[in-house]
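Note sheet for the following structure.
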Amino acid sequence: AYERTCRYFCRKTNSVVVCVGYRLAPEHPFPAQFEDCLTAAIHFLRTAQDHGVDPSRIVICGDSSGGTLTAAVAQALVNRRDLPKLRAQILIYPFLQCVDLNLPSYQQNERDPILPKERILVLGLKYVNKDLCLEELFKGCHVSEDRRLKYQKWVSPDYIPQEFKTRGYKPSPIYPPLKQTCERAEFLLDPVFSPLLAEDSVIARLPETFILTCEFDVLRDDGLLYKKRLEDHSIKVTWCHLQEGFHGTV
């Protein structure tokens with residue numbers, strides 16, 4: 001599915017493109033995909049010159065769940081002193097958080113193809129090979145009170161610019177956390193699964209970033225929130241928003 005896209009990137013940017021054939025869920029559940037991408041990135045950073053590549057100019061890129069993996073790999077590499085630093089990361093309509101599934105973009109685009117709101121969680125739970133109640137997750141019952149307090153400074157509709165709420169947004173009721181659900185869904189808040197939840201000390205060391213968002217995409221606000229976090233730490237961000245775009249448009 002991605003060979004023609006990768007060849008296009010290679011041709012148009014005059015770059016060496018490495019496409020990672022990571023293991024797939026549900027046969028290989030999370031975090032096998034992240035581990036494969038990280039292993040490939042480390043290997044290429046170490047051997048770039050063997051492929052005629054300048055190690056100081058390596059960029060990692062991904063779209064949708066590949067954007068999640070890209071963000072997670074970039075975060076995993078920030079403290080590696082034995083490797084060249086990444087030049088940049090490219091995040092194309094990435095999934096970045098599983099704290100608030102009622103952000104404006106989730107409400108506005110909940111039934112839009114090709115990624116309606118419910119499908120996000122159905123696919124996500126197959127990815128981790130877990131069985132959880134979708135309704136409880138949509139209500140936020142999987143986030144404990146202490147985590148809500150911590151994450152509200154990073155994940156909140158208050159940080160979405162007003163221009164993105166004009167198509168309709170209604171603040172969601174706050175439901176009490178359910179202890180058993182919080183315990184069973186702990187992995188959803190792991191920064192490898194939800195890179196937007198990484199600590200400030202990690203975010204502050206990330207490379208220059210390109211983020212693409214689409215107006216008709218439930219994940220639009222994930223990208224907007226990550227853009228804000230990066231810019232709050234003085235990371236240079238190039239942002240492209242496709243006003244007529246939808247998830248999978250690339």
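Please read all numbers here as calculations on a predicted model, not as lab measurements.
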Subject >> Greater than 12 external heavy atoms within 6.0 Å of H233's NE2 >> reply: yes
Subject >> E231 with K236: basic N within carboxylate O range, under 4.0 Å >> reply: no
**OP:** Carefully, step by step, assess V155 and L196 under the rule side chain to side chain contact (heavy atoms under 4.5 Å, CB included).
**Re:** CA-CA 8 Å; V155 185; L196 185 56; 3.7 Å; yes
Subject >> Electrostatic pair K150-E199, nearest N-O below 4.0 angstrom >> reply: yes
Original post:
So which heavy atom on C141 is nearest to which on P176, and how close?
Top reply: SG-O, 3.6 Å
**OP:** Considering only NZ, NE, NH1 and NH2 on the basic side and carboxylate oxygens on the acidic side, decide whether E27 and R23 come within less than 4.0 Å.
**Re:** no
**OP:** Indicate whether any N or O donor in one side chain lies under 3.5 Å from an N or O acceptor in the other, for Q89 and T70.
**Re:** no
Original post:
Step by step, would you call Y93 with F246 a side chain to side chain contact (heavy atoms under 4.5 Å, CB included)?
Top reply: CA-CA 9 Å; Y93 37 76; F246 54 91; over 6 Å; no
**OP:** Considering non-hydrogen atoms only, spot the tightest contact between P157 and L103 and give its length.
**Re:** N-CD2, 3.8 Å
**OP:** Go through the side-chain N and O atoms of Y2 and D63 and say whether any donor and acceptor fall under 3.5 Å apart.
**Re:** yes
Original post:
Would you say S172 and Q107 make side-chain contact, with heavy atoms under 4.5 Å?
Top reply: yes
Original post:
side chain to side chain contact (heavy atoms under 4.5 Å, CB included) between W154 and Q97: does it pass, once the steps are laid out?
Top reply: CA-CA 10 Å; W154 303 330; Q97 61 86 28; over 6 Å; no
Original post:
Nearest heavy-atom pair of C37 and Y22: which atoms, and what distance?
Top reply: SG-CD2, 3.5 Å
Subject >> Min side-chain heavy-atom separation R119-K117 under 4.5 Å >> reply: no
Subject >> Pairwise side-chain contact, Q152 with V99, heavy-atom cut-off 4.5 Å (strictly under) >> reply: no
**OP:** Using a 4.5 Å cut-off on heavy atoms from C-beta on, say whether the side chain of L219 contacts that of Y106.
**Re:** yes
Subject >> E3 atom CD, over 12 foreign heavy atoms within 6.0 Å >> reply: no
**OP:** Locate the shortest heavy-atom distance separating A71 from L91; write the atom from each residue and the value.
**Re:** N-CD2, 3.9 Å
Original post:
Can we say R87 and D54 salt-bridge, meaning some charged N sits less than 4.0 Å from an Asp/Glu carboxylate O?
Top reply: no
Subject >> Within-4.5 Å side-chain heavy-atom neighbours: V20 and L69 >> reply: no
**OP:** Using the salt bridge (charged side-chain N to carboxylate O under 4.0 Å, His left out) rule, take R184 and D131 through it: C-alpha gap first, then chi angles, then the decisive distance, then the call.
**Re:** CA-CA 9 Å; R184 295 184 61 215; D131 184 21; 5.6 Å; no
**OP:** Identify the heavy atoms of T68 and P94 that sit nearest to each other, and give their distance.
**Re:** N-CB, 4.2 Å
Original post:
Looking only at heavy atoms, which two atoms of A185 and L132 are closest? And how far apart?
Top reply: CB-CD1, 3.9 Å
Subject >> Steps toward side chain to side chain contact (heavy atoms under 4.5 Å, CB included) verdict (I211, T238) >> reply: CA-CA 6 Å; I211 297 175; T238 300; over 6 Å; no
**OP:** Assess whether side chain to side chain donor-acceptor pair (under 3.5 Å) is satisfied between H241 and E215, documenting all intermediate values.
**Re:** CA-CA 7 Å; H241 181 66; E215 179 61 28; 3.0 Å; yes
Original post:
Heavy atoms, side chains only, cut-off 4.5 Å: are S56 and P84 in contact?
Top reply: no
Original post:
Would you call E186 and R147 a salt bridge, using N to O less than 4.0 angstrom?
Top reply: yes
Subject >> Within-4.5 Å side-chain heavy-atom neighbours: E145 and P177 >> reply: yes
**OP:** Dump the intermediate steps for ring-ring contact (aromatic ring centres under 6.0 Å, His included) on F95 and F193, then the final yes or no.
**Re:** CA-CA 9 Å; F95 171 91; F193 191 91; 5.7 Å; yes
**OP:** Check whether any side-chain heavy atom of I90 lies under 4.5 Å from a side-chain heavy atom of V59, and answer yes or no.
**Re:** yes
